[in-house]
Amino acid sequence: MFAAERRQRILELVRSSGAISLRELARQVQTSEVTVRRDLRALEAQGLLDRRHGGAVLPGGLSHEPSYSEKSLVAADAKAAIAKLAAELVSDGDAIVVGAGTTTKAFAARLTRHTELTVVTNSLLVAGGLVGARGVDVVVTGGSLRGSIHALVGGTTEQALATVQGTRAFISGNGLTATRGLSTPNLAVAGVDRALAAAADEVVVLADHTKIGTDALLQTVAAEDIQHLVTDDQADPGELDALREQGIQVHVAGVPATPRPKAVRRSG
């Protein structure tokens, strides 16, 4: 891959996620971290991104909120694996709280097998995914629609969640570090995420490897207030160890390898 092509790919990755780690960039463009650092310096000099410790963000990237369509294109296989593993933390008879996000949508699709379950959510996508589940009672909070993430936010949403006490809250975010915990770039979303976490006995964070070790503008849940993390096997091992040191139980989902296309033999 030529330098110009590689840097264009790096920009696409940063734009799709808002913030991304150096390790993940190197993996995605299949080169060394030293080379990626050099590329990041060049792109920063052009004003196309901002470097951060261990990664890169868009200019003003800590406050950039990717849309649902942008996030759905990132780490789809990892999110599916996380959803499958996270569903094992749910039992019949539970009353759970589920936040918005592409990973929580995939998680909700795994809950349809239950025969006695209550799900409280502010996500229209989560609610829609459970429409045909006869054994699942779905409670949707009120609030103002934030169309970019297909979710309800605002004071009405937070007030509704204040009346709820579930067994576990399953939430996502834009970044997770051992230092700051879970974070998001938007003020309204941050308020609802805090309310979701407060509405349950335990907090379960669903975060694929692109979010581990990255930060967004606003802290939503401190690391010490998170009981479980479900992530995938491409996440930074050092950051996962630091999260374990904060007392978080880390569940790592294996992501099936994508088969490479077979070479076509040509007769000649």
Option among Val126, Val98, Leu89 that satisfies the side chain to side chain contact (heavy atoms under 4.5 Å, CB included) test with Phe107: Val98

Any side-chain heavy-atom pair of Thr35 and Arg38 under 4.5 Å: yes

Contact check, side chains of Glu158 and Val192, non-hydrogen atoms, under 4.5 Å: yes

Joint hydrophobic cluster, Ile212 plus Val230, side-chain heavy atoms closer than 4.5 Å: no

Salt bridge Arg27-Glu24, side-chain N to carboxylate O under 4.0 Å: yes

Exam field: side chain Ser123 to backbone Ala100, donor-acceptor pair closer than 3.5 Å: no

Backbone N/O of Val255 and side chain of Asp77: donor-acceptor pair under 3.5 Å: no

Minimum side-chain heavy-atom gap Thr141-Val120 below 4.5 Å: yes

Polar contact flag, side-chain donor to acceptor under 3.5 angstrom, Thr184-Asn174: yes

Ile10: which of Leu25, Thr31, Leu48 passes side chain to side chain contact (heavy atoms under 4.5 Å, CB included): Leu25

N/O donor-acceptor pair under 3.5 Å between Thr220 side chain and Leu182 backbone: yes

Heavy-atom side-chain contact between Leu145 and Leu124 under 4.5 Å: yes

Nearest non-hydrogen partners of Ile248 and Ile226, listed with the distance: CG1-O, 3.3 Å

Arg194 side-chain N/O to Gln219 backbone N/O, donor-acceptor pair under 3.5 Å: yes

Any side-chain heavy-atom pair of Leu11 and Leu49 under 4.5 Å: yes

Lys105 vs Ser172 side-chain heavy atoms within contact, under 4.5 Å: no

Donor-acceptor pair, side chain of Thr167 and main chain of Ala95, under 3.5 angstrom: yes

Any side-chain heavy-atom pair of Asp193 and Val221 under 4.5 Å: no

Contact check, side chains of Gln227 and Gln249, non-hydrogen atoms, under 4.5 Å: no

